[in-house]
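Each chain gets a letter, A, B and so on, in the order the sequences are listed, and its residues count up from 1. Bear in mind the structure is a predicted one, so any value in this text is a computation, not a measurement.
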Amino acid sequence: MSPVPSYDPTAVEACWQERWGREHANEPELDRPALPFYNLMMFPYPSAEGLHVGNMFAFTGADIYGRFKRLQGYDVFEPIGFDAFGIHSENYALSVGTHPAKLIPQNIEAFRRQLRRFGGMFDWRHELSTTDPRYYKWTQWIFLQLFKAGIAFRKKAAVNWCPKDMSVVANEQVINGYCERHPDTRVEQRVLEQWFFRITQYAERLLDNLDRLDWSDSTRTLQRNWIGKSEGAELIFETPAGAKIAVFTTRPDTVFGATYLVLAPEHPLVDQLTASEQRPSVNAYRREVQGKDVVSRRVGDKTKTGVFLGSYARNPATGEAIPIWTADYVLMEYGTGAIMAVPGHDVRDFEFATEFHLPIREVVRTGEPLPSVSQDGMLVNSGEFDGLSCRDAHRRIVAWLQAKGLATPQVQYRLHDWCISRQRYWGPPIPIIYCDRCGPVGVPEQDLPVELPFIPDFRPDASGVSPLARHKEWYYVKCPSCGAQGRRETDVSDTFLDSAWYFLRYPSTEFDDRPWDPQRTKTWLPVSTYIGGNEHAVLHLLYSRFVTMALQELGHVHFDEPFPKLRAHGLIIKDGAKMSKSRGNVVIPDAYIQKWGADTFRMYLMFLGPFQEGGDFRETGIVGIRRFLDKVWTTAHEAAALTPGASPALPPDLERKLHQTIKKVTADTESLDYNTAIAAMMEYVNLMRERGAGSRGAIEPLLVMLAPYAPHLAEELWSVLGHEQSIFEARWPAYHAELAATGDVEIVVQVNGKVRGRVTVGRGATEQQVVALALRDEAVRKFVDGKPVRKTIYVQDRLLNLVV
RNA sequence: GCCGGGGUGGCGAAAUCGGUAGACGCAAGGGACUUAAAAUCCCUUGGGAGGCGACUCCCGUGCAGGUUCGAGUCCUGCCCUCGGCACCA
């Protein structure tokens, strides 16, 4: 037998990558595909550190699925792109002192090289970058459609402001109330006019549709919690002067226990309801709250503070006058910005009432000490409603107050409208022109894109205005509506808007006159399978769903859910911690690919643990995958050395194992259980080598199953076996149940549930046959010990349990 | 605090419906080949006890109970851990 050449992954991989490129192997026919399959993975942010092992883990898992679909006969479209705008890039550019316009293309180039090297089945004709004017032209176009439809609107909102930076800082950049970049400077709250998208209008639909999406339960739960639907009622508390204070509550059954009211410090009625002698302290309190930054107001110290306004309102249930307070534990953004405080049955109200000596009344008896929040109880101290359950009382009290015009059933969401304004440089300018006469006017579509001007020093300055305002030729522009002197909007849009529609662009990247081609979109969308990390379970996925819904309503797309099937992969950690630059534990795959080859490294990452759970990166164990691939290499070469006619029939046990393997690898690859699929292929190859039966008929189906995992190696060996076409033109092996289930089976014999012996019988043996055999087994007899068998439990082809 | 994962050998893990716990792989130990090493191949490897031996028995899936002929898997109550949300009324 001729000697087998040694496996040199570097050479093999370079050769096949070159050939795939030359033959356009990964570029499906987009206009007339027979069986379109849109295999999407979350596009990366091209960081300066390069593609790290977590990216590669995600992309490998997604690529395996795409290649698997390809082998099943689909025309698979697997695009890739770059999410390159955003504060992330801008901050990095600031820290190294290089302009992002220069930095980003370099990073993208490095990513491209790495992405080619790992062997992804990417259609590079359709690469995109969100920073490309040909792309963000359409990001701006989407903004304009939403603006025209009234879904984009302006409103005031609080932001974090660093007085040193003279700039808005993101919540993540505020550390305990101090600026990340200036640890001695306290961040303040500032209120700015900003652009919002009315996502709350879609809350109910975003929630309802979740039921029909093929997503993991955990991701759907995250979205549900984020949307945060609460059902309850709005109740009216009137003041003697006739002011009406509306509060939202999920517990109208506890209204008899409402002993005071609290308004958020920003509540518009605070001024009016403040008695003159209380005005100084109320104003001081409001100033103090405003001085806090957005972050510490929300997550910081939770000790209760507040001030009495000096006035009273009538409890609609009891009719008694209760004091009105203001306190920052009540948030203006949720509900009506005012609450009825029920200290007996709410922990926060209880703390506040204790602090300020306000009355605490029990109105629901639960058997637990106050405050008790359980709804398993009976009403007390609630007049005619005493004795009712919370459920019944909820309904009846709302009806009773509604009849008096003091209550309305209501639903509230935790979800807020999406603020898309960023007072930053590195993003798509929001396409709006302000005119003193016409107000905010959309940039006419034919003038898109509003290109981001090159500003060499893009840092914010002492003016406190976004850097874009300093570029005068850009900033001043004629009003498209009346022709008068206007000014451009200087904020850019949120990166999440860039990524909320990229999947629509991929199939249509060659068209510059439309955001997406209607025919292409009909053919390819919605996405067949979307694979990405759970860190995007909420924002990115929710925003994409919302944008798609809005676009459908406006007639631009034909579906309302972009990702009917989503799979979330796990996280690769290092030494028990998330990989991050600050921890210094980021693993870069390049050196491993260099040393072991992309195929080995791909499979190693998939073998590390379940794809959907992730795992801890440790380099021990890579060698096990390499040994496996070496075995496959040797076996295939040996099989190739046999003359074609001499390929012997598979031994029966190997044939059985082959079909069991096909069954398992098919099912496991489909469900992304790649670690166990790899284990099954290893078992098969081990058996093949044990039998010395590495024939063509035995190895070829294995190579096809291995191809999604180790595409270069599979191609090479396929060609060594004499095939001229790519292995990806081959078809996934067929599973034959009758071939998987041949031969004898071993049946476990238990006595009283403990394993005491084993008997070998033909498949499908009857219970009587197995019992008879089992009772002849010495060990079994010993434990039956002459006692009568009271009962037998028989599981076909698996187990017999004798109860004595 | 609320919501969701998860806890199995020295390590990563597997066990599709309640049916042989630890597949597959790493590491470790022993052996073969070799002048030697690497590579490769073979054997052993959850813990404990017994036997010259083919083997045999007991214990074992975070903890405590329960259901069942049978529980890693189901139920009840805890502990630990990871992730998300967090003064959301």
- [ ] Tell me the partner of rG72(B), counting only Watson-Crick (N1-N3 plus N6-O4 or O6-N4) or G-U wobble (N1-O2 and O6-N3) with both under 3.5 Å; none if nothing fits.
- [x] none
TODO: Side chain of Val623(A) only, please: which of rA27(B), rA14(B), rC11(B) is the nearest?
DONE: rA27(B)
Open item on the list: One thing to verify: whether Arg220(A) and Asp217(A) come together as a salt bridge, which I'm taking to mean a side-chain N less than 4.0 angstrom from a carboxylate O.
Closed with: yes
Open item on the list: Taking only the C1' atom of each, what is the distance from rC80(B) to rC26(B) in whole angstrom?
Closed with: 27 Å
TODO: Name the pairing partner of rA86(B), where a pair is Watson-Crick or G-U wobble with both distances under 3.5 Å, or state none.
DONE: none
Open item on the list: From C-beta outward on Val330(A), which listed nucleotide comes closest to its side chain: rA23(B), rA89(B), rG25(B)?
Closed with: rA89(B)
Task: In rG60(B), glycosidic geometry as syn within 90° of 0 or anti otherwise - done: anti
- [ ] Please say which of Thr676(A), Leu702(A), Asp668(A), Val632(A) ends up in a side-chain contact (heavy atoms from CB on, under 4.5 Å) with Met681(A).
- [x] Leu702(A)
Open item on the list: For rU8(B), give the paired nucleotide (Watson-Crick: N1-N3 plus N6-O4 or O6-N4; G-U: N1-O2 and O6-N3; both under 3.5 Å), or none.
Closed with: none
Open item on the list: Please report the distance separating the P of rG9(B) from the corresponding atom of rG62(B), rounded so that it comes out in whole Å.
Closed with: 8 Å
Open item on the list: In whole Å, measure the gap between the P atoms of rG18(B) and rA13(B) for me.
Closed with: 24 Å
- [ ] Kindly point out which of rG25(B), rA89(B), rG19(B) is positioned nearest to the side chain of Gln750(A)?
- [x] rG19(B)
Open item on the list: Checking contacts here: which listed nucleotide (rC3(B), rC57(B), rC69(B)) is nearest the side-chain heavy atoms of Lys791(A)?
Closed with: rC69(B)
Task: Strand partner of rA49(B), provided both Watson-Crick or wobble distances fall under 3.5 Å - done: rU56(B)
Task: With sequence neighbours excluded, residues passing side chain to side chain contact (heavy atoms under 4.5 Å, CB included) with Asp630(A) - done: Tyr7(A), Arg626(A)
- [ ] Ignoring backbone atoms, establish whether Arg224(A) has a side-chain N or O less than 4.0 Å from OP1 or OP2 of rC85(B).
- [x] no
TODO: Could you check which of rA23(B), rC85(B), rA89(B) has an atom nearest any side-chain atom of Thr249(A)?
DONE: rA89(B)
Open item on the list: Less than 4.0 angstrom between a side-chain N/O of Ser230(A) and OP1 or OP2 of rA89(B), yes or no?
Closed with: yes
Task: Pair assignment for rC63(B), Watson-Crick or G-U wobble, requiring both distances under 3.5 Å - done: rG77(B)
Open item on the list: What's the closest nucleotide to the side chain of Asp328(A) if the choices are rA23(B), rC87(B), rA89(B)?
Closed with: rC87(B)
TODO: Return the orientation label for the His540(A) and His536(A) ring planes: parallel under 30°, perpendicular over 60°, tilted otherwise.
DONE: perpendicular
Open item on the list: Going by purine N1 to pyrimidine N3 plus the second Watson-Crick contact, or the G-U wobble pair, all under 3.5 Å, which nucleotide sits opposite rA28(B)?
Closed with: rU44(B)
TODO: Check whether more than 12 heavy atoms from other residues, nucleotides or ligands sit under 6.0 Å from atom CZ of Arg391(A), and answer yes or no.
DONE: no
Task: Between rU68(B) and rC17(B) - P atom distance, rounded Å - done: 23 Å
Task: Assigned partner base of rA38(B), Watson-Crick or wobble definition, under 3.5 Å - done: none
- [ ] Anything under 30° is parallel, anything over 60° is perpendicular, the rest tilted; go ahead and classify Trp325(A) against Phe356(A).
- [x] tilted
Task: Pairwise C1' distance for rU16(B) and rA27(B), with rounding to whole Å - done: 30 Å
- [ ] Pick base, sugar-phosphate or nothing for Ile793(A), based on heavy-atom distances below 4.0 Å to the nucleic acid.
- [x] base
Task: Per Lys631(A) side chain, nearest of listed nucleotides rC41(B), rG12(B), rU20(B) - done: rC41(B)
Task: N or O in side chain of Asn675(A) less than 4.0 angstrom from rA14(B) OP1/OP2 - done: yes
Open item on the list: If the glycosidic angle sits within 90 degrees of zero it is syn, else anti. Tell me which applies to rC75(B).
Closed with: anti
Task: Contact under 4.0 Å: Asn686(A) side-chain N or O vs rG25(B) OP1/OP2 - done: yes
Open item on the list: So for Arg798(A) and rU20(B), does any side-chain atom that can act as donor or acceptor lie under 3.5 Å from a complementary atom in the base?
Closed with: no
TODO: Compare the minimum distances between each of rC69(B), rC59(B), rC85(B) and the side chain of Trp226(A), then state the nucleotide with the smallest one.
DONE: rC85(B)
TODO: In whole angstrom, give me the gap between the C1' atoms of rC74(B) and rG19(B).
DONE: 14 Å
Open item on the list: Ring of Tyr329(A), cation from Lys304(A) - is the NZ or CZ under 6.0 Å from the centre and inside 45° of the axis?
Closed with: yes
- [ ] Output the single nucleotide from rC69(B), rG12(B), rA14(B) whose closest atom is nearest the side chain of Phe607(A).
- [x] rG12(B)
Open item on the list: Rounding to an integer number of angstrom, what distance separates rG47(B) and rC42(B) when you compare their C1' atoms?
Closed with: 26 Å
TODO: Consider the side chain of Phe248(A), meaning its heavy atoms from C-beta on, and name the nucleotide among rA27(B), rG19(B), rA89(B) that approaches it most closely.
DONE: rA89(B)
Open item on the list: Would you say Lys664(A) places a side-chain N or O within less than 4.0 Å of OP1 or OP2 belonging to rA14(B)?
Closed with: no
Task: Who pairs with rU16(B) - Watson-Crick or G-U, where each distance is under 3.5 Å - done: none
Task: Separation of rG4(B) P from Asn225(A) CG (nearest whole Å) - done: 8 Å
TODO: State whether Arg627(A) places a side-chain N or O below 4.0 Å from either non-bridging phosphate oxygen (OP1 or OP2) of rA39(B).
DONE: no
TODO: Answer with yes or no after comparing the ring centroid distance for Phe496(A) and Trp418(A) against a 6.0 Å cut-off, counting only values under it.
DONE: no
